[in-house]
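In the text below, chain A, chain B and the rest are named by the order of the sequence lines, each starting its count at 1.
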Amino acid sequence: QKEVEQNSGPLSVPEGAIASLNCTYSDRGSQSFFWYRQYSGKSPELIMFIYSNGDKEDGRFTAQLNKASQYVSLLIRDSQPSDSATYLCAVNMGTGANNLFFGTGTRLTVIP
Amino acid sequence: DTGVSQNPRHKITKRGQNVTFRCDPISEHNRLYWYRQTLGQGPEFLTYFQNEAQLEKSRLLSDRFSAERPKGSFSTLEIQRTEQGDSAMYLCASSKRQGSSEAFFGQGTRLTVV
């Protein structure tokens with residue numbers, strides 16, 4: 001079982017719609033959760049992080065964390081063509097962990 | 001530009017040659033990480049420094065790979081006797097020593113071994 005799992009997609013949504021990206025993780029002791037956006041050929045760019053159960057909103061982005069279900073999601077409201085990218089879920093597993101485990105990413109395409 | 005800087009951006013080398021990559025982290029960040037990413041995969045952790053101390057190494061890091069951070073500032077990653085399987089994007093990231101653990105990535109070095 002992989003530590004961090006994501007649906008590889010591709011996920012296609014029309015412009016203006018809500019895109020929902022999901023991620024599950026295996027280690028119940030995981031402490032910190034991150035969403036990175038990666039455009040083709042570029043490096044990952046941090047867009048959201050969440051540490052506590054519940055929702056965290058930043059502009060058009062909302063991260064949702066449910067530690068009991070070991071589930072973290074990213075919602076993108078009013079999706080734009082410029083949001084088309086691969087979204088990587090990353091998890092810092094446990095107190096003192098010094099590295100991030102990444103999922104394989106979900107490719108999102110926003111159709112104009 | 002105060003972000004993480006990596007050099008070179010691209011490297012093509014013949015199998016069996018040695019290569020070295022450099023990473024300059026964000027200046028106030030004491031934690032530095034190296035990751036490797038292949039096509040269609042997420043980044044995989046290679047090694048971690050806190051200041052000049054290399055505190056963690058992945059099992060992925062064979063003895064052909066060595067990393068240094070001599071003065072707790074920039075870091076180098078060397079691959080000896082390169083193999084075609086080493087072809088990948090090598091990513092460096094840095095984060096603050098205390099407080100948040102968000103890591104910010106450099107542009108990466110794309111290595112092609114021919």
* Asked: Which of residues 67-74 of chain B get closer than 4.5 angstrom to chain A, counting heavy atoms alone?
  -> none
* **Ring-ring centroid check B:Y35 A:F102, cutoff 6.0 Å** => yes
* Strictly under 6.0 Å, is that where the ring centroids of A:Y36 and B:F105 end up? -> yes
* **Least distance between heavy atoms, A:Q6 atom then A:G105 atom** => OE1-N, 3.1 Å
* **Pairs involving residues 9-47 of chain B, ordered by first then second residue, that meet disulfide (SG to SG under 2.5 Å) (sequence neighbours left out)** => B:C23-B:C92
* **Residue pairs, two or more places apart or on separate chains, that pass salt bridge (charged side-chain N to carboxylate O under 4.0 Å, His left out) and touch residues 69-79 of chain A** => A:E57-A:R77
* Which atoms of B:Q37 come close to chain A, meaning under 4.5 Å heavy atom to heavy atom: side chain ones, backbone ones, both, or neither? -> side chain
* **Contacts of A:F33 that satisfy ring pair (Phe, Tyr, Trp, His ring centres under 6.0 Å) - sequence neighbours left out** => A:Y25
* If you count heavy-atom pairs under 4.5 Å with chain B, which of A:E45, A:K42, A:Q38 comes out on top? -> A:Q38
* Can you find a heavy atom in the side chain of B:N18 that is under 4.5 Å from one in the side chain of B:E78? -> yes
